[in-house]
Amino acid sequence: MPKVKRSKKPPPEGWELIEPTLEELEQKMREAETDPHEGKRKVEALWPIFKIHHQRSRYIFDLFYKRKAISRELYDYCLKEHIADPSLIAKWKKQGYENLCCLRCIQTRDTNFGTNCVCRVPKSKMEEGKIVECVHCGCRGCSG
């Protein structure tokens, strides 16, 4: 199995603990990228990629901020090597964005009326029985 791409600098202590999970997510990412997309809408083909990207970033975020299982040095290494998305993690630290699925959902330029994505609307404010999917990433509601 191919290794996760890294720089020539050796990884910090603790890398061997998270490497198997990251390699598994990398393998899933490759499968999602090569998955046939016939019969799907153009945007639907990208949804699995967004989901895996979110999982990988959330894994690093949870290890560092929630469980405190990795060091600051290893966390910074993961951000520097683009294993986790630093912009998405920065949003997760802010109130109201703890469950944000992707950054495209909060960019107002991607919507018709200059508002957030429909998945950012709280479920309590939505009509009952109505299933909503984000056009950008396939999320069904990340606001809570």
Side-chain angles (χ1 to χ4, degrees), residues 1-7 9 11-12 14-15 17-144:
M1 179 174 354
K3 299 273 184 190
V4 176
K5 286 189 253 177
R6 297 184 322 218
S7 65
K9 182 182 172 190
W15 172 256
L17 299 174
I18 64 171
E19 188 176 26
T21 305
L22 292 175
E23 285 183 6
E24 181 183 327
L25 289 170
E26 186 68 26
Q27 183 63 29
K28 285 183 182 178
M29 181 68 85
R30 281 196 194 93
E31 289 171 9
E33 289 171 348
T34 60
D35 200 31
H37 56 271
E38 286 80 32
K40 294 181 182 177
R41 294 181 302 181
K42 192 174 186 178
V43 292
E44 281 182 34
L46 297 176
W47 290 355
I49 295 169
F50 276 105
K51 184 179 176 185
I52 295 167
H53 176 75
H54 176 272
Q55 285 177 341
R56 191 170 51 194
S57 295
R58 184 55 103 174
Y59 175 68
I60 299 298
F61 175 80
D62 286 343
L63 284 176
F64 185 70
Y65 287 104
K66 305 282 186 202
R67 294 192 282 173
K68 302 193 184 328
I70 61 173
S71 65
R72 166 62 81 173
E73 186 182 3
L74 182 55
Y75 174 72
D76 290 340
Y77 177 82
C78 289
L79 295 182
K80 186 178 148 230
E81 295 295 321
H82 302 290
I83 295 168
D85 187 353
S87 303
L88 189 57
I89 290 175
K91 287 293 180 186
W92 286 338
K93 291 190 265 181
K94 295 182 179 180
Q95 185 178 7
Y97 296 98
E98 296 90 359
N99 299 319
L100 183 66
C101 53
C102 72
L103 292 173
R104 291 187 69 191
C105 290
I106 57 172
Q107 291 176 344
T108 57
R109 69 171 183 248
D110 292 340
T111 60
N112 292 338
F113 302 106
T115 59
N116 286 339
C117 181
V118 70
C119 72
R120 296 296 300 155
V121 177
K123 288 187 183 358
S124 60
K125 307 256 189 228
M126 298 290 284
E127 294 176 27
E128 272 190 49
K130 186 174 183 181
I131 297 174
V132 176
E133 283 183 335
C134 172
V135 176
H136 307 296
C137 61
C139 171
R140 293 196 173 170
C142 60
S143 67

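- Within the 6.0 Å centre-distance limit, the rings of W15 and Y77 are counted as a close aromatic pair.
- When all heavy atoms are compared, the tightest approach of K28 to I52 is O-CD1, 3.4 Å.
- The two residues I18 and L74 have their closest heavy-atom pair at CD1-CD2, 3.9 Å.
- Looking at K66, its side chain never comes within 3.5 Å of a backbone N or O of L63 through a donor-acceptor pair.
- Side-chain contact between F61 and R58 is present, with at least one heavy-atom pair separated by less than 4.5 Å.
- No side-chain heavy atom of L79 sits under 4.5 Å from any side-chain heavy atom of F64.
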Pair up each side-chain donor or acceptor in residues 128-136 with any protein partner under 3.5 Å, not counting sequence neighbours, and list the distances.
| residue | atom | partner | partner atom | Å |
| --- | --- | --- | --- | --- |
| E133 | OE2 | R140 | NE | 3.4 |
| E133 | OE2 | R140 | NH2 | 2.9 |
| H136 | ND1 | R104 | NH2 | 3.2 |

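- The shortest non-hydrogen separation linking W92 to N99 is NE1-C, 4.3 Å.
- R56 places no side-chain N or O within 3.5 Å of a backbone atom of L22 that could act as its donor or acceptor partner.
- Annotation: side chain of V43 is not in contact with side chain of L46 (no heavy-atom distance under 4.5 Å).
- The shortest distance between side-chain heavy atoms of I70 and L17 does not fall below 4.5 Å.
- Heavy-atom contacts from other residues, nucleotides or ligands closer than 6.0 Å to OH of Y59 number more than 12.
- Looking at every heavy atom in both residues, C105 comes nearest to C101 through SG-SG, 3.5 Å.
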